[in-house]
Amino acid sequence: DFYRYFKSKLNPKIFEVFVKNPPVWIFIFLLIFCFTNIYVLANDLVYIYTKDPSIFYPVSDLNAFSWVQKNLDDSSVIFAHPVSAGHFLPGFSGKTSYVGHWVETIFAAEKLLYQEWFFSNNLADAQKIKFLAKNKISHLFIGSSGSDLKFIPDKKDYLTEIYNQENIRIYKVDFNW
């Protein structure tokens, strides 16, 4: 029994102060648990004031996700850049993302390497077409932070732009060219 154990281990005066004094227990409880809440609240305030993009996703991308939800088939597989677009895309649109959140994506590390390879250069179109076909990728989503891409989708015969608003572009993969 908890009560008897502490009574036998503690000095009787200390036992009287700590165990039989509810305000002391309340103070200890608040001391332990309030620091966690204060930390969480302070962290939330930092996110709010800095508009952290991992929490506050750009409205333009959210509008594009909504367009994807309304205009693409449920069987669509979307290859997104940046990777954060792939994280949020399934949640907002209900569509499949080739690279989503690492916990929810099978072989995520490998797929991230493919994403890096695909979007990091404008070369190797034959391999990129094979990659898209092998993985049944039907669309490319270039998010608002995709302006630094070395891959230039507008110059690819196998991609057709179907959405272009607020610096967001979506391309349909055409395997029949």
Side-chain angles (χ1 to χ4, degrees), residues 36 39-177:
T36 303
Y39 172 78
V40 169
L41 288 172
N43 226 13
D44 288 348
L45 290 174
V46 168
Y47 286 139
I48 289 168
Y49 287 115
T50 61
K51 300 279 190 234
D52 186 327
S54 66
I55 305 295
F56 296 94
Y57 214 67
V59 173
S60 57
D61 285 30
L62 297 175
N63 291 338
F65 294 159
S66 178
W67 185 90
V68 166
Q69 179 185 27
K70 294 173 189 167
N71 295 287
L72 298 185
D73 294 334
D74 288 338
S75 62
S76 299
V77 177
I78 303 164
F79 195 27
H81 177 82
V83 73
S84 62
H87 292 176
F88 289 98
L89 187 65
F92 283 101
S93 71
K95 308 300 183 221
T96 302
S97 176
Y98 176 73
V99 182
H101 192 275
W102 67 271
V103 172
E104 298 167 344
T105 301
I106 297 173
F107 306 116
E110 180 182 330
K111 288 181 176 183
L112 285 168
L113 291 174
Y114 279 120
Q115 183 188 41
E116 172 79 23
W117 163 76
F118 191 93
F119 291 109
S120 68
N121 64 64
N122 205 36
L123 308 170
D125 283 336
Q127 289 96 340
K128 289 181 179 182
I129 291 169
K130 286 179 187 175
F131 167 78
L132 294 169
K134 177 184 173 190
N135 292 288
K136 298 180 174 97
I137 295 171
S138 59
H139 296 83
L140 263 61
F141 181 101
I142 311 294
S144 58
S145 62
S147 58
D148 62 341
L149 283 180
K150 293 186 174 94
F151 176 73
I152 305 169
D154 295 328
K155 298 188 180 199
K156 305 299 178 189
D157 294 337
Y158 54 93
L159 297 175
T160 305
E161 186 177 82
I162 58 173
Y163 180 91
N164 187 346
Q165 292 185 18
E166 302 178 86
N167 205 25
I168 310 235
R169 293 163 293 152
I170 300 172
Y171 296 87
K172 180 169 180 27
V173 179
D174 181 16
F175 296 108
N176 300 321
W177 58 278

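For the residue pair D61 and G143, the shortest heavy atom distance occurs at OD2-CA, 4.0 Å. When all heavy atoms of A64 and I168 are compared, the closest pair comes out as CB-CG2, 3.7 Å. Across every non-hydrogen atom of L159 and P153, the tightest pair is CD1-CB, 3.7 Å. Residue N121 comes nearest to L123 through the heavy atom pair OD1-N, 2.9 Å, listed as atom of the first residue, atom of the second, then distance. In terms of heavy atoms, F92 sits closest to Q69 at O-OE1, 3.9 Å. Shown here for N63 and E166, the closest heavy-atom pair between the two residues is ND2-OE2, 3.4 Å.
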In residues 73-80, what donor-acceptor pairs under 3.5 Å come from side-chain atoms, sequence neighbours left out?
from : atom 1 : to  : atom 2 : distance (Å)
D74  : OD1    : K95 : NZ     : 2.7
S76  : OG     : D73 : N      : 3.4
S76  : OG     : D73 : O      : 2.9

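By the 30° and 60° cut-offs, the orientation of the rings of F151 relative to F119 is perpendicular. The aromatic rings of W117 and F131 stand perpendicular to each other, their planes meeting at an angle above 60°, with 30° marking the opposite boundary.
Here I137 contributes atom CD1 and S97 contributes atom OG; the two are 9.0 Å apart, rounded to the nearest 0.5 Å. Atom NE2 of H87 is separated from atom OG1 of T105 by 7.0 Å, given to the nearest 0.5 angstrom. Once rounded to the nearest 0.5 Å, the distance linking NZ of K111 with CG of N135 reads 7.0 Å. From H81, atom NE2 reaches atom CD of E116 across 9.0 Å, with rounding to the nearest 0.5 Å. Interatomic distance, CZ of F107 versus CG of L112, reported as 13.5 Å (0.5 Å rounding). Taking CZ of F141 as the reference point, atom CZ of F88 lies at 11.5 Å (rounded to 0.5 Å).
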Next on the checklist: Y163 vs V68, test: side chain to side chain contact (heavy atoms under 4.5 Å, CB included). Steps then yes/no.
Outcome noted: CA-CA 9 Å; Y163 180 91; V68 166; over 6 Å; no
Checklist entry - Going through the checks in order, is the side chain to side chain contact (heavy atoms under 4.5 Å, CB included) test met by R169 and D154? => result CA-CA 10 Å; R169 293 163 293 152; D154 295 328; 4.0 Å; yes
Next on the checklist: Please determine whether side chain to side chain contact (heavy atoms under 4.5 Å, CB included) holds for the pair Y158 and K128, giving the CA-CA distance in whole Å, both sets of side-chain angles, and the decisive distance to 0.1 Å.
Outcome noted: CA-CA 10 Å; Y158 54 93; K128 289 181 179 182; 3.9 Å; yes
Checklist entry - D125 and D157: side chain to side chain contact (heavy atoms under 4.5 Å, CB included), yes or no, with the steps? => result CA-CA 10 Å; D125 283 336; D157 294 337; over 6 Å; no
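Within the 4.5 Å cutoff, the side chain of L72 has heavy atoms near those of the I162 side chain. Side-chain contact between F118 and L132: present, with at least one pair of heavy atoms (C-beta onward) separated by less than 4.5 Å.
Within the 3.5 Å criterion, the main-chain N or O of I152 finds a donor-acceptor partner in the side chain of N122. No donor-acceptor pair closer than 3.5 Å links the side chain of S93 to the backbone N or O of F65.
Atom CG of L45 has more than 12 heavy atoms from other residues, nucleotides or ligands within 6.0 Å.
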